[in-house]
Amino acid sequence: MTTCKIDAIELELRNGDIAQQSDIEAVVNAANAQLRMGGGVAGAIHRAAGPGLEKECRPLAPIKPGEAVITGAHNLPNLYVIHCLGPVYGVDRPEDQLLADCYRNALKLAEKKEISSIAFPAISTGAFGYPIEEAIPLAIDTITAHAGRLKSLKRIAMVLFSNRDYRAHENYLNQKFKS
Ligand code: ADP
């Protein structure tokens, strides 16, 4: 696990499954517009949460790219799930702004609920095709740009599924904070 301190926030990189972050209050779902089960992150989260999550999501759907909504976590070991719809690369434009909006809106919702810890997956970098090298600076720069203004949030984790994605995030952090 890699950690770095940004203002009062601890930013952590973790290699693992977003559905198994038991020390985190809110996990972020890389959702689909209908807030249904799906594959990847949405599959892992809905499978672990159980059918109550889809039921709670139904009246909140559909959501638009860049938007975020919050629900309970049902059978997940967390208090909340924040569902973000990332942009489909090359389709939803401007994709960089929409991806940054996901992180911004998730942080905003977390602050509103006075959440102290949040875990993000690498939104849009799976089925939605966003190249990881382009998504990393957007995710990390958006989080770090907001760090100084966060009140309730103390810990932000980025949960990376593959070793390769973990290392790519680690490289970016090392490069950004090396001086
Ligand atoms: P999107 O549709 O927003 O692209 P995906 O769920 O397809 O979302 O993938 C987003 C990223 O999450 C990809 O990098 C994928 O490798 C990763 N991923 C897939 N399953 C998990 C999981 N269980 N925990 C954390 N990350 C995951």
Side-chain angles (χ1 to χ4, degrees), residues 1-2 11-50 53-54 57 60-71 73-107 109-110 117-143 155-173:
M1 191 170 77
T2 298
L11 178 64
E12 299 176 11
L13 300 182
R14 298 179 177 189
N15 202 186
D17 181 350
I18 193 77
Q20 289 181 32
Q21 305 301 318
S22 55
D23 61 336
I24 295 283
E25 282 184 29
V27 286
V28 174
N29 182 16
N32 48 66
Q34 296 304 324
L35 304 176
R36 297 253 172 83
M37 167 88 87
V41 168
I45 284 186
H46 278 277
R47 258 193 313 279
L53 181 59
E54 262 196 354
C57 282
L60 304 174
I63 63 169
K64 295 195 194 81
E67 283 184 352
V69 293
I70 188 162
T71 65
H74 299 264
N75 297 333
L76 281 160
N78 314 99
L79 294 177
Y80 299 99
V81 178
I82 297 177
H83 308 260
C84 292
L85 179 62
V88 176
Y89 193 74
V91 174
D92 298 315
R93 293 180 199 272
E95 52 225 349
D96 53 348
Q97 280 177 37
L98 293 171
L99 186 57
D101 284 349
C102 287
Y103 288 91
R104 229 185 332 263
N105 287 327
L107 294 175
L109 276 178
S117 54
I118 187 169
F120 286 96
I123 300 170
S124 282
T125 66
F128 285 1
Y130 217 112
I132 194 86
E133 292 73 17
E134 290 181 39
I136 291 170
L138 281 167
I140 291 179
D141 294 356
T142 304
I143 291 169
R155 275 197 308 143
I156 302 178
M158 307 193 69
V159 181
L160 294 325
F161 208 43
S162 71
N163 289 325
R164 189 188 163 278
D165 290 354
Y166 179 93
R167 277 197 303 274
H169 281 75
E170 194 174 44
N171 288 342
Y172 185 74
L173 276 186

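One-based numbering, in listed order, for ligands and for the atoms of each.
Residue contacts with ligand 1, taken as heavy atom pairs separated by less than 4.0 Å, involve D165 solely via side-chain atoms from C-beta onward.
With N15 contributing its side chain and L160 its backbone, the two residues share a donor-acceptor pair below 3.5 Å. Panel note: side chain E134, backbone P131; no donor-acceptor pair is recorded below 3.5 Å. No donor-acceptor pair closer than 3.5 Å links the side chain of Q34 to the backbone N or O of A61. The backbone N or O of C84 sits nowhere less than 3.5 Å from a side-chain atom of N105 that would complete a donor-acceptor pair. Counting only distance, with no hydrogens or angles, the side chain of E12 and the backbone of R155 share no donor-acceptor pair below 3.5 Å. Judged by distance alone, with hydrogens and angles left aside, the side-chain atoms of Y166 form a donor-acceptor pair with the main-chain N or O of T2 at under 3.5 Å.
The shortest heavy-atom distance from G86 to ligand 1 is not under 4.0 Å. Not a single heavy atom of A19 sits less than 4.0 Å from an atom of ligand 1. The shell of residues lying under 4.0 angstrom from ligand 1, judged by heavy atoms, includes G16.
Compare V41, V88, I45 by their heavy atoms: the one nearest to atom 12 (O) of ligand 1 is in V41. If you check each of V28, I18, V27 against atom 24 (N) of ligand 1, the one with the closest non-hydrogen atom is I18. Remark: among candidates G126, A31, A44, the nearest residue to atom 5 (P) of ligand 1 is G126, based on non-hydrogen atoms.
Using a 4.5 Å heavy-atom threshold, the side chains of Y89 and S124 count as separate. A 4.5 Å side-chain heavy-atom check between I118 and Y103 finds every atom pair outside the cut-off. For the pair L53/H83, a side-chain contact is recorded, criterion being any heavy-atom separation below 4.5 Å from C-beta on. Contact check for V81 versus H74: no side-chain heavy atoms found under the 4.5 Å cut-off.
Looking from atom 10 (C) of ligand 1 to the surrounding protein, the closest heavy atom is A122 O, 3.3 Å. From the protein, the heavy atom lying nearest to atom 17 (C) of ligand 1 is F161 CB, 3.9 Å. Regarding atom 23 (N) of ligand 1, its nearest protein heavy-atom neighbour is D17 OD1, 2.9 Å. In terms of protein heavy atoms, atom 8 (O) of ligand 1 is closest to A30 CB, 3.6 Å. Among protein heavy atoms, atom 7 (O) of ligand 1 sits closest to A127 N, 2.9 Å. Of the protein's heavy atoms, S124 N, 2.8 Å lies nearest to atom 3 (O) of ligand 1. T125 OG1, 2.7 Å is the protein heavy atom nearest to atom 14 (O) of ligand 1.
Looking at F128 next to ligand 1, an N or O pair under 3.5 Å apart turns up.
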